[in-house]
Amino acid sequence: MEFWKKPLWRVPVVLGALGVINRLLTLAGSMIWVSIQRARGPGPDGSIVIGTGYLREILTVAGALLFWWAGWRFVRGLTRREIFWSASIMVLVNAALLAAEQIGQAVTGSYPMWVYRLYALTEGTSWVSQLFFRLFLAAGLTSSLWVVPGMFAPYLYLVFAKKDAPLSGTSKQIEREE
């Protein structure tokens with residue numbers, strides 16, 4: 001339990017847990033959505049068509065709400081400096097996973113499954129990537145542009161930061177001492 005109390009690991013632990021929750025919500029939502037479409041029965045040509053419909057949008061909104069709720073609940077009391085360094089750990093994890101994904105695809109020609117499993121820890125910020133995906137897709141831009149903003153999403157928790165403590169020797173501390 002002491003691990004949780006260290007501010008340096010607060011954002012990675014919160015986003016890791018949130019990512020696993022988002023992955024489970026995605027799996028559950030997909031299974032329910034497919035069950036609903038199968039229950040409708042075959043179409044006029046006798047085939048069952050399974051599409052995503054609005055499922056991705058619903059899960060994106062749910063992910064964004066969970067992200068902000070988790071920040072409000074678990075990250076709110078930290079200083080800007082603590083949140084910045086803690087979020088930087090997650091940014092480095094995101095960058096390392098993206099690099100491992102690209103290297104794995106270039107070397108083996110297939111997607112490494114271990115990277116997919118580790119991406120569950122970063123899915124707490126996947127709503128940002130989905131948002132930029134929708135914006136850049138409408139503009140006709142390439143996929144590399146919508147991946148990068150999602151990597152820096154942990155820095156959004158800086159909104160919940162309290163002001164840093166004043167440095168020693170500042171004018172306010174000198175006034176209090178007098």
**Prompt:** Should Val115 and Met113 be counted in the same cluster of Ile, Leu, Val, Met, Phe, Trp and Tyr side chains packed under 4.5 Å apart?
**Reply:** yes
**Request:** State which residues pass side chain to side chain donor-acceptor pair (under 3.5 Å) with Gln130; sequence neighbours excluded, sorted by chain then number.
**Result:** none
**Asked** How long is the span from the CG atom in Leu158 to the CZ atom in Arg80, to the nearest 0.5 Å?
**Response** 8.5 Å
**Asked** Aromatic rings Phe160 and Tyr157: how do their planes relate, parallel, tilted or perpendicular, breaks at 30° and 60°?
**Response** tilted
**Message:** Ignoring hydrogens, what is the shortest heavy-atom contact between Gly150 and Ser129? Give both atom names and the distance.
**Reply:** CA-OG, 3.6 Å
**Item:** Euclidean distance, Trp85 CH2 relative to Leu78 CG, rounded to 0.5 Å
**Value:** 15.0 Å
**Complete:** So CD of Gln105 and OH of Tyr111: to nearest 0.5 Å the spacing works out to 7.0 Å
**Message:** Are Tyr116 and Ile21 connected into the same hydrophobic cluster when the rule is that any two of I, L, V, M, F, W, Y join if their side-chain heavy atoms are below 4.5 Å apart?
**Reply:** yes
**Prompt:** Atom CG in Leu25, atom CD in Glu123: separation rounded to 0.5 Å?
**Reply:** 10.5 Å
**Request:** Starting at CD of Glu101, measure out to CH2 of Trp114 and round the result to the nearest 0.5 Å.
**Result:** 10.0 Å
**Message:** So Pro12 and Val93, do their side chains get closer than 4.5 Å, heavy atoms only?
**Reply:** no
**Message:** Would Arg76 and Trp72 count as a cation-pi pair here, with the cationic atom under 6.0 angstrom from the ring centre and within 45° of the axis?
**Reply:** yes
**Connected hydrophobic set around Tyr54, excluding itself, where side chains approach under 4.5 Å** = Ile58
**Asked** Using 30° and 60° as the class limits, which term best fits the ring planes of Phe74 and Trp69: parallel, tilted or perpendicular?
**Response** perpendicular
**Message:** Within the 4.5 Å heavy-atom criterion, are Leu121 and Leu97 side-chain neighbours or not?
**Reply:** no
**Request:** Would you indicate whether the side-chain heavy atoms of Phe67 and Leu15 approach each other to under 4.5 Å?
**Result:** yes
**Request:** Working to the nearest 0.5 Å, report the span between CG of Leu65 and CH2 of Trp127.
**Result:** 9.5 Å
**Asked** Trp9 versus Ile89: any side-chain heavy-atom pair under 4.5 Å?
**Response** yes
**Asked** Taking all non-hydrogen atoms of both residues, which atom of Val14 and which atom of Ala70 are closest, and how far apart?
**Response** CG1-CB, 3.7 Å
**Asked** Looking only at atom types and distance, does a side-chain atom of Ser86 sit under 3.5 Å from a main-chain N or O of Val11, one as donor and one as acceptor?
**Response** yes
**Item:** Sub-4.5 Å side-chain heavy-atom contact between Glu57 and Val61
**Value:** no
**Request:** Enumerate the residue pairs fulfilling side-chain hydrogen bond (donor to acceptor under 3.5 Å, both in side chains) with a member in residues 24-41, sequence neighbours excluded, ordered by first and then second residue.
**Result:** none
